[in-house]
*Asks:* 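Below: one structure in structure tokens.
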Amino acid sequence: MAPRHPILADRPRRWAFVGGCAAVTAGVALHLPMLWMGRASGFRLAEMPMEAGMLWGMALILAGLGVAAWGLLPGAPAAAAPVLAVRAPEDARLGPAHWRLIAVLTLALVIDVMKPASLGFVVPGMRDEYGVPARTVAWLPFAALCGTVLGSLVWGWLADLYGRRASILLSAVMFVGTAICGAMPSLWWNVGMCFLMGAAAGGMLPLTYALLAETMPSRHRSGVLVLVGGLGAAGGYLAASALAAWLIPHFGWRVMWLLNLPTGLLLVGLNACIPESPRYLAARGRLAEALATLRGFGCEVLDLAGQARQDAADAARRLAAAAPAARGLAGGLVARTWALSIAALAWGLVNFGLLLWMPEHLIERGWGIELSSLLLAASALIAVPTVFVAALAYGLWSSKGALLAAVAVTALGLLGLVGLELADPGQVSPVAPVALLIIGVNAIIAMLLPYAAESYPLRLRGRATGWVAACTKAGGLGAQLLSLLGWVPAMKLAALGVLVPVLLALAMLWRWGLETRGRDLRDLDPAPAAAD
């Protein structure tokens with residue numbers, strides 16, 4: 001039987017969280033009667049007056065979120081303990097506990113990615129119900145991207161304050177509250193709620209990567225991080241498309257938002273199968289819980305005094321062996337952050353800008369709508385095999401080398417687009433440069449956040465991974481803003497403009513990037529864990 005990890009055993013205000021979660025669920029339930037009133041008209045609620053129950057429901061949701069967040073605050077750190085007695089599972093084999101955590105976090109990412117992926121399926125129905133042009137509805141994905149930027153930053157910080165597991169729990173409760181998008185009669189209320197949904201979704205990715213990086217054994221960690229992230233992304237888009245095809249014809253576009261209620265509650269329940277990071281527990285002085293978690297992952301835990309001496313000797317040898325490199329870790333931290341941030345911004349500009357503008361540009365160049373549609377379909381087909389290839393290269397060859405190769409492939413695709421624009425229309429096929437671009441960006445996003453999670457010390461890992469995740473969305477935010485303002489540049493100028501940060505990121509990663517494959521993450525900390 002799978003071991004369970006009581007969700008709130010370590011939280012002194014655990015009942016506040018339970019009450020807050022109940023209040024959020026009740027607030028969503030108060031919106032359902034109005035939705036049911038619209039069943040005769042195909043659940044069309046546009047511009048219907050909001051009832052008092054809905055207003056009370058929104059108040060309950062806001063209050064419940066605040067109470068739940070307060071209830072999840074950790075207690076004071078335990079008294080100083082011989083934290084060096086904790087031996088992280090660096091050399092353990094993948095056992096049932098590891099596979100169980102991989103499965104649960106993959107499912108959590110599928111649910112997380114499914115939320116923003118649903119936008120493409122609800123926009124046509126929203127345009128029809130509210131009778132607004134495409135540019136007006138474009139504020140919906142723009143608000144969602146704004147939310148993901150903020151969520152990645154805030155949840156990365158919360159991960160270092162609340163713990164990885166509790167922050168995932170808070171994100172899940174927020175998902176539950178955003179289900180009221182499905183009953184909002186006003187377009188702009190939907191835009192506002194879409195911002196909150198994006199904030200909850202943006203926080204899940206860095207939390208998942210930080211928890212996996214601190215739980216998986218070193219020799220398996222790199223490949224697992226890439227594989228979980230890639231499968232979660234692909235599975236989220238697949239789940240969104242399948243549910244849309246099944247439910248929207250019967251219940252309208254609003255049902256995609258209402259799914260946030262059961263899936264959010266499912267995430268809350270899944271937390272019973274998610275342990276807290278042993279490193280976080282040890283840093284909080286909760287040594288007994290850290291040891292119990294390590295035992296659950298198949299790690300041998302010896303007598304505390306003897307284990308402490310052994311760990312101290314191991315730490316001394318490790319620090320001595322890594323002394324030359326350790327001096328450069330702190331010095332290169334800022335430069336490494338710049339490199340990852342620039343790579344993330346460039347990825348957002350390509351994924352949410354160039355690839356979305358490309359069909360129209362290709363049609364203008366005389367390639368026809370059939371080829372444009374084929375290229376968009378190819379992006380979905382290429383994504384899954386690219387994830388597996390990236391995971392193999394990242395985990396078996398070199399994490400730094402695999403990421404550099406993905407950035408270089410993206411640069412080649414951008415150069416190919418420039419050449420395509422300079423050639424005579426119809427003389428050069430766009431298939432090769434577009435294929436390179438799609439392969440490159442899919443490989444980058446599969447590896448970028450796992451690489452960030454492995455490149456920072458414990459005390460910065462959540463915030464740093466959240467920052468890089470926010471930068472991926474910030475690049476997309478800039479691209480979407482250009483679209484909203486009607487300032488989309490010509491393909492040649494756009495490709496050249498993105499090529500500059502891509503090449504800069506390539507050079508900086510080459511200089512300051514770390515090789516993280518198989519690295520003991522304790523080497524990234526400036527001192528042995530007891531100093532925490």
*Asks:* The test is side chain to side chain contact (heavy atoms under 4.5 Å, CB included); show your working for Asn351 and Ile445 and say whether it passes.
*Replies:* CA-CA 10 Å; Asn351 193 65; Ile445 198 58; over 6 Å; no

*Asks:* Quick one: does His220's side chain have a donor or acceptor within less than 3.5 Å of a partner on Pro217's backbone?
*Replies:* no

*Asks:* Go through the steps for Leu270 and Leu107 under the test side chain to side chain contact (heavy atoms under 4.5 Å, CB included), then give the verdict.
*Replies:* CA-CA 9 Å; Leu270 284 175; Leu107 179 58; 3.9 Å; yes

*Asks:* Measuring from Thr465:OG1 to Glu454:CD, what's the distance to the nearest 0.5 Å?
*Replies:* 10.0 Å

*Asks:* Tell me if the aromatic rings of Phe195 and Trp139 count as close, with their centers under 6.0 Å from one another.
*Replies:* no

*Asks:* Indicate yes or no for a side-chain donor-acceptor contact from Ser152 to the backbone of Val149 under 3.5 Å, with no hydrogens or angles considered.
*Replies:* no

*Asks:* Can you find a heavy atom in the side chain of Leu225 that is under 4.5 Å from one in the side chain of Met447?
*Replies:* no

*Asks:* Without swapping roles, check the side chain of Asp112 against the backbone of Ala108 for a donor-acceptor pair under 3.5 Å.
*Replies:* no

*Asks:* If you take all heavy atoms of Ala239 and Val110, which pair is closest and at what distance?
*Replies:* CB-CG1, 4.2 Å

*Asks:* Any salt bridge (charged side-chain N to carboxylate O under 4.0 Å, His left out) involving residues 248-263? Give me the pairs, sequence neighbours left out, ordered by first then second residue.
*Replies:* Glu129-Arg254

*Asks:* Sequence neighbours left out, what pairs pass salt bridge (charged side-chain N to carboxylate O under 4.0 Å, His left out) with at least one residue falling in residues 264-275?
*Replies:* none

*Asks:* Do Arg221 and Leu212 have side chains that get closer than 4.5 Å, going by heavy atoms?
*Replies:* no

*Asks:* Tell me the closest heavy-atom pair linking Leu267 and Ala172, and the distance in Å.
*Replies:* CB-CB, 3.4 Å

*Asks:* Find out whether Val407 and Ile444 are in side-chain contact, i.e. whether some heavy atom of one side chain is under 4.5 Å from a heavy atom of the other.
*Replies:* yes

*Asks:* Looking at every heavy atom in both Ala344 and Val468, which two are closest together, and how far apart are they?
*Replies:* CB-O, 3.5 Å

*Asks:* Could you tell me whether the side chain of Leu414 reaches within less than 4.5 Å of the side chain of Leu436, counting heavy atoms only?
*Replies:* no

*Asks:* Short question: side chain of Trp467, backbone of Ser341 - any donor-acceptor pair under 3.5 Å?
*Replies:* no

*Asks:* Hey, are the side chains of Leu417 and Lys492 touching, using non-hydrogen atoms and a 4.5 Å cut-off?
*Replies:* no

*Asks:* With no hydrogens and no angle check, is any side-chain donor or acceptor of Ser399 less than 3.5 Å from a backbone partner on Gly395?
*Replies:* no

*Asks:* Using every non-hydrogen atom in the two residues, find where Ala443 and Thr386 come nearest and quote the distance to one decimal.
*Replies:* N-CG2, 3.6 Å

*Asks:* Might you work through the side chain to side chain contact (heavy atoms under 4.5 Å, CB included) test for Lys473 and Gln480, ending with a clear yes or no?
*Replies:* CA-CA 10 Å; Lys473 305 303 188 297; Gln480 287 295 305; over 6 Å; no

*Asks:* Just how far is it from atom CG of Leu258 to atom CH2 of Trp253, taken to the nearest 0.5 Å?
*Replies:* 9.5 Å

*Asks:* Side-chain donor-acceptor contacts of residues 21-31 below 3.5 Å, not counting sequence neighbours, with atom names and distances?
*Replies:*
{"residue": "Thr25", "atom": "OG1", "partner": "Cys21", "partner atom": "O", "Å": "3.0"}
{"residue": "His31", "atom": "ND1", "partner": "Gly27", "partner atom": "O", "Å": "2.8"}
{"residue": "His31", "atom": "NE2", "partner": "Met54", "partner atom": "O", "Å": "3.4"}

*Asks:* Quick one: pull up OG1 in Thr148 and CE in Met197 and give me the separation to the nearest 0.5 Å.
*Replies:* 9.5 Å

*Asks:* Is any side-chain heavy atom of Thr136 closer than 4.5 Å to a side-chain heavy atom of Tyr130?
*Replies:* no

*Asks:* Please evaluate residues Trp246 and Phe251 with respect to the criterion side chain to side chain contact (heavy atoms under 4.5 Å, CB included), reporting the C-alpha separation (whole Å), side-chain torsions for both, the decisive distance (0.1 Å), and the verdict.
*Replies:* CA-CA 9 Å; Trp246 177 37; Phe251 303 104; over 6 Å; no

*Asks:* Mind checking whether Leu345 and Pro501 have side chains closer than 4.5 Å, heavy atoms only?
*Replies:* no

*Asks:* For residues Pro249 and Ala244, report the shortest heavy-atom separation together with the two atoms involved.
*Replies:* CD-O, 3.5 Å

*Asks:* Below 4.5 Å, heavy atoms only, C-beta onward: do Phe142 and Leu477 meet side chain to side chain?
*Replies:* yes

*Asks:* Please check if the side chain of Tyr394 supplies one atom and the backbone of Tyr451 the other of a donor-acceptor pair under 3.5 Å.
*Replies:* yes

*Asks:* What's the shortest heavy-atom distance between Met174 and Ala199, and which atoms?
*Replies:* CE-CB, 4.0 Å

*Asks:* Can you tell me how far CG of Leu170 sits from CH2 of Trp70, rounded to the nearest 0.5 angstrom?
*Replies:* 14.5 Å

*Asks:* To the nearest 0.5 Å, how far apart are CG in Asn271 and CD1 in Ile274?
*Replies:* 4.5 Å

*Asks:* Could you tell me if Trp257 and Ser118 have a donor-acceptor pair between their side chains, going purely by distance under 3.5 Å?
*Replies:* no

*Asks:* Could you tell me whether Trp188 atom CH2 has more than 12 heavy atoms of other residues or ligands within 6.0 Å of it?
*Replies:* yes

*Asks:* I need the Cys181 SG to Leu140 CG distance, nearest 0.5 Å.
*Replies:* 8.0 Å

